[in-house]
2 protein chains.
Amino acid sequence: MSESSGPRNRARQGSRAPLSREEVVDAAVRYADEHGLEALTMRALAKEMGVYPTALYWHVGSKPQLVAAASARVLDGIVLPSVHGVNWDVWLGEVARLCRAAMHRHPNLVPIMGSQLAVSTTAVPFVERILGVLEGAGFTGNDLVDVYNTVIGFVLGWVTLELSAPPSDAEAGWQKGFAAELRGIDPNTFPVLTRNLPLLENNAFLTRWESGRDRPMDRSFDVALDVLVRGLHSKII
Amino acid sequence: MSESSGPRNRARQGSRAPLSREEVVDAAVRYADEHGLEALTMRALAKEMGVYPTALYWHVGSKPQLVAAASARVLDGIVLPSVHGVNWDVWLGEVARLCRAAMHRHPNLVPIMGSQLAVSTTAVPFVERILGVLEGAGFTGNDLVDVYNTVIGFVLGWVTLELSAPPSDAEAGWQKGFAAELRGIDPNTFPVLTRNLPLLENNAFLTRWESGRDRPMDRSFDVALDVLVRGLHSKII
DNA sequence: ACCTGAACACCGTTCAAGT
DNA sequence: ACCTGAACACCGTTCAAGT
């Protein structure tokens, strides 16, 4: 149909201000937030922006580059709290919660963010603050490096897992089947699981059928954070 | 070219034994291991198996289902150690190391495993063992659920992040640019980072340009594991 | 500098048809 | 039951051409 060809969207007819790279990436973030990552297509995004698909290439180079730039925006909105008059451990907790909140705001981009290496230094101020606080807590040298990796890997990794989604394919109703399978396990071979199933089902990794998007694991995250901080404390002296 | 159409691969001419679902998933795992996830195509896999692309659909339903099944194989090879005569914390450490090793064996499937909900109960025996050990350590009820989530989320999440790869796009030599950017930061605004850069560069999340595939973060993982176990200990009493 | 428009080489998936 | 073979509706990307 000739109806679907060519950009006739929003007031872009006539001579418009040129696109900018930032504009394109912003639009990509919004599109992924709204329609999911697998719906984010150069062609679909172009149509949304009232432009020809190939126009995007001038600004972002390629689709992988666009997706990388979009996923790098996830942690962008975060403004780190001041360190003044607050203990390093509560500061770290606050920051962890901020990171988690930011990730929950863009769940469709988190899989990319979690599995792709950063290719720019936009996170440098963020890194500096964390390092400063950990150094203030008493970690230096390789200990500082390792503890930093512990914290970052824990927070970003844990929430990435929390936000796991069902395969884009999954037909409605697989959850029923999964839940049934779970409740049908043999109590003799799986006694602990059976005994704790009421608390576990849909609440724990590998025994849940809803994503953390729809069913946030708040309490478990709090515990995880507590375990992390206690572990760090015990390493200081 | 007519050369590329039709399956003329490995001795599948004449009447062969029929494909099985397991066979297809195995081939997918191998293909992803060898050529990367973005090279795993229904058409490419079919050609590799000496079969027409549409034949795969009879066995696996769709590509998302195939990829999900393949990524579920990552933790499959693990045989959990016995709990006899070993403390819960060292047992947990061993299991964490086994998980990490399995993930390092299939780095291309980890992003999927890390960002996709399990849709089958193949992991149930694994879950039972972990729960049993944590219960033996003294955790019950909601504490058990939360501590279990802490452990699983930590191990799988951390290693997922460790195995991050550069965007499939990235032109060779972006690493040089990234490293240069990093070394060019202002020492006055980023004093801690500057002071520790020799230890940090290419060794820490957000300041590295090589994947954990090629540059495993062994020492940091050990520390992270130690922090986790210490944190758990401090919650018991 | 920035965008159009056509074209190319791929995809996943459906469906009827064979055996 | 299991697979072929053609066909459809998409993709990302290149490139010459416009302004």
Side-chain angles (χ1 to χ4, degrees), chain A residues 1-25 27-28 31-32 35-70 167-171, chain B residues 1-25 27-28 31-32 35-70 167-171:
Chain A
M1 305 302 113
S2 71
E3 191 273 337
S4 74
S5 68
R8 70 190 72 251
N9 232 351
R10 53 189 69 210
R12 181 163 280 283
Q13 71 286 32
S15 59
R16 306 281 303 127
L19 252 47
S20 70
R21 182 186 151 90
E22 209 201 5
E23 212 179 332
V24 175
V25 177
Y31 200 90
H35 302 100
L37 192 62
E38 70 288 323
L40 176 58
T41 277
M42 297 303 272
R43 298 174 115 108
L45 183 62
K47 180 177 273 190
E48 172 82 13
M49 301 187 74
V51 102
Y52 279 79
T54 47
L56 302 180
Y57 284 81
W58 204 92
H59 297 280
V60 296
S62 72
K63 183 177 177 186
Q65 282 178 53
L66 172 60
V67 172
S168 51
D169 206 27
E171 77 285 12
Chain B
M1 304 302 113
S2 70
E3 191 273 336
S4 74
S5 66
R8 70 190 72 250
N9 230 350
R10 53 188 69 206
R12 181 164 280 281
Q13 70 285 33
S15 59
R16 304 282 303 128
L19 250 49
S20 70
R21 182 187 152 91
E22 210 201 4
E23 211 178 333
V24 175
V25 177
Y31 200 90
H35 303 101
L37 192 61
E38 70 288 322
L40 175 58
T41 277
M42 297 304 272
R43 297 175 117 107
L45 183 61
K47 180 176 272 189
E48 173 81 13
M49 301 186 75
V51 101
Y52 279 78
T54 48
L56 302 180
Y57 283 82
W58 204 91
H59 297 281
V60 295
S62 72
K63 183 177 178 186
Q65 283 178 50
L66 173 60
V67 171
S168 52
D169 205 26
E171 77 284 9

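Lettering follows sequence order; numbering is per chain, from 1.
Positionally, the nearest nucleotide of DNA chain D for B/Ser20 lies more toward the 5' end than for the other of B/Ser20 and A/Met42. Between A/Asp169 and A/Thr54, the residue anchored nearer the 5' end of DNA chain C, judged by the nucleotide with its closest heavy atom, is A/Thr54.
Remark: nothing in residues 61-68 of chain B comes within less than 4.0 Å of DNA chain D through any heavy atom.
One finds the NE2 atom of A/His59 at 8.0 Å from the CE atom of A/Met49 (value rounded to the nearest 0.5 Å). To the nearest 0.5 angstrom, A/Leu56 atom CG is 12.0 Å from A/Arg21 atom CZ.
Closest approach of A/Tyr52 to A/Ala46, counting heavy atoms only: C-CB, 3.8 Å. Here the closest non-hydrogen pair linking A/Ala28 and A/Leu66 is CB-CD1, 3.7 Å. Nearest approach of A/Asp169 to B/Pro64, heavy atoms of both residues: CB-CB, 3.3 Å. Pairing each heavy atom of B/Glu23 with each of B/Pro18, the nearest pair is OE1-O, 4.0 Å. Pairing each heavy atom of B/Ser168 with each of B/Glu38, the nearest pair is CB-OE1, 4.3 Å.
Whole-Å rounding puts the A/Tyr52 OH to D/dG18 P distance at 15 Å. B/Glu38 places its CD atom 15 Å from the C1' atom of C/dC10, with the value rounded to the nearest Å. Atom CG in B/Leu37 sits roughly 11 Å away from atom P in C/dG12 (whole-Å rounding). As rounded to whole Å, 16 Å separates atom C1' of C/dC2 from atom CZ of A/Arg21. Going from atom CZ of A/Arg43 over to atom P of C/dC3 covers 18 Å, rounded to whole Å. Atom CG in B/Leu19 sits roughly 9 Å away from atom C1' in D/dC2 (whole-Å rounding).
Distances shorter than 4.0 Å separate none of the side-chain N or O atoms of A/His59 from OP1 or OP2 on C/dA1. A/Tyr57 has a side-chain polar atom (N or O) that falls below the 4.0 Å cut-off from OP1 or OP2 of D/dT13. Phosphate contact (OP1/OP2 of C/dG12, side-chain N/O of B/Thr41, threshold under 4.0 Å): present.
Here the nucleotide nearest the side chain of A/Val51, chosen from C/dT4, D/dG12, C/dG12, is C/dT4. Out of D/dT4, D/dA7, D/dC3, the shortest distance to the side chain of B/Trp58 is found at D/dC3.
For the pair A/Lys63 (side chain) and A/Leu40 (backbone), a donor-acceptor distance under 3.5 Å is present.
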>> Using the rule given for side-chain contact (heavy atoms from CB on, under 4.5 Å), can you reason through B/Thr41 versus B/Lys47, listing the C-alpha separation, both sets of side-chain angles and the distance that settles it, and then say yes or no?
In response: CA-CA 10 Å; B/Thr41 277; B/Lys47 180 176 272 189; over 6 Å; no

> Pairing of DNA chain D as dot-bracket, 5' to 3': ( ) intra-strand, [ ] crossing, | other strand, . unpaired, with Watson-Crick or G-U pairs under 3.5 Å?
Replying inline: ||.|||||...|||||.||

